[in-house]
Amino acid sequence: DELATKETITENAELRSTELVVDLGGSGLPTKAITLSLDSESNFNRRATIAGSADGSNWSLVAQGYLFSVQTSLFSGTELTLHFPETNYRYLRVVVFNDDNQPVAFGKKVTLRSLLRSIVFPVSAGKQYALYYGNEKAVTPKYDLARFFRYVESISGPGPSLGCQIAI
């Protein structure tokens, strides 16, 4: 599935940087990596930071790293992905520091990554189950199943159908 996002790219003359802001359309979607695209090929190696925000105004630093594209006779390689601890901010901002170099021509297409999560539990035919979620004060549970899951045979096939979401 594709996620509809809105991206904006601006040049910050004061910081000598390129800033790309992604609006996920709402908070709560966990992300752990962002991959940028290029509009044109060029050789560069730039320091970059990624920050998150719930409102698009107040930013918190999430991680930093390096982005590069090098095509020479001795080495060819590209790294356009920044990895970071999982967050659920609505807005993500990548700042690429150009220093005294020309800005990199980044494209407006970005790819976000997250972890695939599954819920595993024994089921009985003909029964209905409810999934309760969203309690921000709940602590992460620790179950024995996590320690011996690799020894459990799971049945692959169509998953359960979900009913309507009900706020309680």
Tell me if the CZ atom of F68 is crowded by more than 12 foreign heavy atoms within 6.0 Å. yes
Just how far is it from atom OG1 of T31 to atom CG of L115, taken to the nearest 0.5 Å?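 T31 atom OG1 to L115 atom CG measures 10.5 Å (nearest 0.5 Å).
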Answer with yes or no whether the hydrophobic clustering places [X] together with [Y]; edges join I, L, V, M, F, W, Y residues whose side-chain heavy atoms lie under 4.5 Å apart.
{"X": "L20", "Y": "V104", "result": "yes"}
{"X": "V21", "Y": "V62", "result": "no"}
{"X": "L38", "Y": "V22", "result": "yes"}

If I compare all heavy atoms of [X] with all of [Y], which pair ends up nearest, and what's the gap?
{"X": "S114", "Y": "P30", "value": "OG-O, 2.9 Å"}
{"X": "T81", "Y": "A33", "value": "CG2-CB, 4.2 Å"}
{"X": "A48", "Y": "L82", "value": "CB-CD1, 4.0 Å"}
{"X": "I9", "Y": "F106", "value": "CD1-O, 3.5 Å"}

Summary of salt bridge (Lys or Arg N to Asp or Glu O under 4.0 Å) pairs that have at least one residue in residues 70-88, sequence neighbours excluded: E86-R117
Not counting sequence neighbours, list each pair that qualifies as a salt bridge (Lys or Arg N to Asp or Glu O under 4.0 Å) and has a residue in residues 11-21.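 Applying salt bridge (Lys or Arg N to Asp or Glu O under 4.0 Å) to every pair that reaches into residues 11-21, excluding sequence neighbours, yields R16-D100.
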Using a 3.5 Å distance criterion without hydrogens, assess whether the side chain of [X] forms a donor-acceptor pair with backbone atoms of [Y].
{"X": "N135", "Y": "K137", "result": "yes"}
{"X": "S69", "Y": "F44", "result": "no"}
{"X": "S53", "Y": "D55", "result": "yes"}

Less than 4.5 Å apart, side chain to side chain, heavy atoms only: is that true for L36 and I34? yes
Could you pull out all residues at least two apart from F75 that satisfy ring-ring contact (aromatic ring centres under 6.0 Å, His included)? none
Test item: side-chain donor near acceptor, T35 and T111, under 3.5 Å: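 Checked: T35/T111 side chains show no N/O donor-acceptor pair below 3.5 Å.
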What side-chain donor-acceptor pairs closer than 3.5 Å can you find for residues 87-98, not counting sequence neighbours?
unit_1	atom_1	unit_2	atom_2	d
R90	NE	D23	OD1	2.8
R90	NH2	D23	OD1	3.4
R90	NH2	D23	OD2	3.2
N98	OD1	R46	NH1	2.7
N98	ND2	T18	OG1	3.0

Using side-chain contact (heavy atoms from CB on, under 4.5 Å) as the criterion, list what pairs up with K142, not counting sequence neighbours. none
Verdict with reasoning, R47 to T49, per side chain to side chain contact (heavy atoms under 4.5 Å, CB included): CA-CA 7 Å; R47 183 173 70 89; T49 61; 3.9 Å; yes
Go through the structure and list residues passing side chain to side chain donor-acceptor pair (under 3.5 Å) with S76, not counting sequence neighbours.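 Applying side chain to side chain donor-acceptor pair (under 3.5 Å) to S76 gives Q71.
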